[in-house]
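In this chain, numbering begins with 1 at the start of the sequence shown.
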Amino acid sequence: MRLTIKLNPAWRCSLSADDRRLWLLRSAALRIDLSTNPLWLVEIYHKRLLSILTALTLVFYLSTTAGLYLWLARNPHNQVEWGDLALPWHWRDLRARLGDTAILDAQENLEQRDYASAYSHLRGGLARSPGNARGRVLLAQLIAGSDPLRALELMEEGLPYSAHDIGCLRELASLYQQHQALTRGLAAFDRLLASPGQGALPEDARNFLVNTRAEFLLAAGRPAEALQTLTASEAPPPAHPEAGSARQLIMISALLRLGRAKEARPLLEQALAGPGPARPEVIRLEAEFCLACNDADHLGSALRRLKAVMPADDPQPYLFAFSCWHRLRRPLLREAAETEFYQYFGTNERALQLFAVLLGSLDLDDTIRRVRSRAMAAGWSGFAYQVHLTEALLRRGDFEQASRLLREWEGSTEKLAAPQRFYPEFVKRLTRVAATGTDEQAEALARLLAENRALIQPALYELTVGLLMQWGRLELSHRVLHLALASYPYSDPLLARQAAVEQRLAVARPAEAAVAVSEPAVTPLPATAKEALAALDSLLQQDSLGAARDLLGRIRRDNPAWLPDQEAPLAVREIQLLLSAADAGASRALIRQYLARHLGDDDAALALVTLAQNLAARQRTAEARLLHDEILTSSGTAPRVAAALRSLGLPDDLKEELAGRETALRALDRWLDAGQWSQAERLLERLRGSPPDWAAEARIDLRAREVRLRLGLEQKPAALLAFREIVLPSGAARFAAFRLVRDYRAKGEPLRALLLAEETVRLLPGDKAAEKLLQEARAGLPPPELPPEP
């Protein structure tokens, strides 16, 4: 076979009537001659073929481009134009335009509160269009609540693309302030102002950077450098009136911080004499000027004008007036400001709570009590004010009074919704660490901070570490700092605290080792066991829990010769200390350990009965009943112990609840809903210790209540163990487990619902109903809250 190719330059092909060749696009003809040696002859009109192929390629390209453009144009936010697809020299902008489209889609998702889709669109859009300043700001705002460190790094990564954008710079400055990372912010702004590549910065961006740098220096306690920044030649006077006014106010603040009030006066008068009524921030600065000059008359005038320009329903100017008179040390005028506040906002619960927060920071616990009385007289709960008062007492170091106050409100913590529960729970655990400071309580505080790190700001970490350092809990404060720096590694106050804690730890650890080896205690222990026990009894009688804890710790650490003989009496005092600290869980564990160690010893059990009698005589019935129940469970069969328990005269308050199944279940539900965990636990213990006839039939219902109880007490392993027993069996038991998850969702506790749903999927792999339950639990999670747009 032979193949012959012939190129024909002709544009047209003339066909004869007997032409039987195979034609392709009328530009290539194939003839096959079947002779002895077959001949394949291909004739190609190459000019004609090239023109046809070119036309077909162009038609295909244009039609494909048009189809792709029409497909993209279905999106109302589409930023891609037809020329971006059709013209190759526009392809370099195509990726950025796709990213801009995704960011516009994300803005619509945010308006519809579809945060999952918004997050996905923002991430994809910003990856394609890193210079989109609005998308970067939105993504940073979206993740700032859950991952503040990633939000800050995201904004810093955008500086090469959007250093000229005021919105990006404002969001970055806000994140630096949120992290309290003023040193890092100053370094970033210095690089932007000094970099030769940023010479084309717009004037408004450069003025914003100069003003913000001065504000950071003021906040860092460096007013001289702030003033120098504003007056330097690199900071030309801003043309925009708002930027000029802001710079003027910062300069006045810097002069006041430096004690140069005379120089600040003309600038302040100029700001007050500006066109239109004086702005609130200018009047506040005038009040600061009056405070610096100790001028009470002019301060009163400034405060009255501030109240006049602010909305009538805004309590902030009245709170500011109260704090000004407090700073000026004018108690009569401060009391007048307090009376005026009650006159206008005595029926506003939110305003009263803001007042209580301010009073807590000013260490005015007596005034907090008056605010609480006002709120309760108006028919509101005094719970929040008790929490603020407890915090104020902790700041002041009054641990005993804080512990007594804690016993009044800690039972109400579980009535709150999950987002509102963190701070009261934090104050409760911090109080217990301050009062008794056991390892379990320290672990509980650290665990609470770790589980809620998304809700915690650097100021709260700083407060916690500062208090722990004052109380000598250096190891715990170092652990809290480790948690804090994982979320806020650039925070100046936290880094300063870290240096201080590590320095004190470096000194304390060798000193403790040396003391343990050779040196005696600074304050000698009582010489005899009788004196030591009498000292403990005296401290416990006076509710001096901190001193009692320290004395017990020293006795355990120094191990005097009389300690082995007095182990039981000392353990009784330790139980009394935990009961006085309102730590029912730790008290119950220590009581059971004590009774197990002295099993069969009636005298040891009778010592606890005597303690219960003393507690009952002091009207502390709940602690006495806890002791009564624990003794009855372990040693109640002994005649002497049983007689002593009967002599307590504590009636069986669970008799009615034990009458029947429905009565017991209703009582458990009532106590669990009200957060009365000790009552519910006592009833469940009684049902387990001496089960009635109906207990077997109600096993599933009782287990479901036990799951609720253990989760309420934050005993997660015990809760999951009880939950396992009602998930694994099929039928009614599994239905009760599913209902428990849905009940938690309905009650506004999605995190606990998610915990149980995830455990259900783990125990029932591949079960479609369990997977659907998990999807429902995840759908019930609250969406993150977005900060307002810059």
Side-chain angles (χ1 to χ4, degrees), residues 54 56-175 188 192 197-198 200-202 204-205 778-779 783-790:
T54 301
L56 289 176
T57 301
L58 184 60
V59 170
F60 176 77
Y61 177 77
L62 293 177
S63 60
T64 303
T65 302
L68 182 58
Y69 173 73
L70 292 175
W71 182 77
L72 292 174
R74 296 180 307 163
N75 187 341
H77 305 122
N78 177 47
Q79 300 295 301
V80 180
E81 299 178 356
W82 185 83
D84 297 329
L85 297 171
L87 304 178
W89 52 89
H90 284 187
W91 287 353
R92 62 180 180 273
D93 301 327
L94 179 59
R95 181 178 175 85
R97 291 186 180 273
L98 289 172
D100 295 339
T101 302
I103 290 171
L104 290 175
D105 290 338
Q107 289 181 327
E108 183 179 357
N109 295 142
L110 290 175
E111 293 173 359
Q112 299 170 355
R113 305 184 71 84
D114 185 1
Y115 298 104
S117 300
Y119 177 72
S120 176
H121 284 141
L122 285 172
R123 285 196 61 186
L126 205 59
R128 294 185 179 95
S129 179
N132 191 306
R134 180 60 181 157
R136 189 172 295 275
V137 170
L138 284 176
L139 183 56
Q141 291 176 344
L142 187 62
I143 66 176
S146 58
D147 193 353
L149 177 59
R150 178 59 192 139
L152 177 61
E153 292 174 345
L154 179 71
M155 293 306 302
E156 289 182 335
E157 291 168 3
L159 284 179
Y161 306 101
S162 52
H164 61 280
D165 187 84
I166 287 291
C168 267
L169 294 177
R170 186 174 288 112
E171 179 65 21
L172 180 61
S174 173
L175 288 172
L192 288 176
Q198 300 296 338
L201 276 177
D204 56 348
R778 286 175 176 167
E785 295 186 2
L786 285 177
E789 293 185 2

Visitor: For the side chain to side chain donor-acceptor pair (under 3.5 Å) test, which of Asp105, Asn109, Thr101 pairs with His121?
Guide: Asn109
Visitor: Compare every heavy atom of Ser129 with every heavy atom of Asp100, then report the nearest pair and how far apart it is.
Guide: OD1-OG, 2.9 Å
Visitor: Specify the closest pair of heavy atoms between His164 and Pro202, including all atoms of both residues, with the distance to one decimal.
Guide: CB-CD, 3.6 Å
Visitor: Do you know which two heavy atoms are closest between Ala205 and Ile166, and how far apart they sit?
Guide: CA-CD1, 3.6 Å
Visitor: Checking Thr65 now: which residues fulfil side chain to side chain donor-acceptor pair (under 3.5 Å) with it, not counting sequence neighbours?
Guide: none
Visitor: Drop me the distance from Arg134's CZ to Leu122's CG, to the nearest 0.5 angstrom.
Guide: 9.5 Å
Visitor: Output all residues satisfying side-chain contact (heavy atoms from CB on, under 4.5 Å) with Ala102, sequence neighbours left out; order by chain, then residue number.
Guide: none
Visitor: Start with the C-alpha gap between Leu58 and Leu62, add the side-chain angles, then the distance that decides, and say whether side-chain contact (heavy atoms from CB on, under 4.5 Å) holds.
Guide: CA-CA 6 Å; Leu58 184 60; Leu62 293 177; 4.1 Å; yes
Visitor: Test of understanding: with side-chain contact (heavy atoms from CB on, under 4.5 Å), list the residues that count as partners of Asp165, not counting sequence neighbours.
Guide: Ala133, Ser162, Cys168
Visitor: For Glu157, give me all partners under salt bridge (Lys or Arg N to Asp or Glu O under 4.0 Å), at least two apart in sequence or on another chain.
Guide: Arg150
Visitor: For the residue pair Ala140 and Leu154, what are the closest heavy atoms and their distance?
Guide: N-CD2, 3.7 Å
Visitor: What's the shortest heavy-atom distance between Leu175 and Ala151, and which atoms?
Guide: CD1-O, 3.6 Å
Visitor: What distance do Ile103 atom CD1 and Leu138 atom CG have between them, rounded to the nearest 0.5 Å?
Guide: 8.0 Å
Visitor: Which heavy atom in Leu169 sits nearest to a heavy atom in Ala163, and how many Å separate them?
Guide: CD1-O, 3.3 Å
Visitor: Could you work out, with side-chain contact (heavy atoms from CB on, under 4.5 Å) as the rule, every residue matching Glu111, not counting sequence neighbours?
Guide: none
Visitor: Residues two or more places apart in sequence or in another chain: which of them pass side-chain contact (heavy atoms from CB on, under 4.5 Å) with Glu156?
Guide: Leu152, Leu172, Tyr176, Arg184
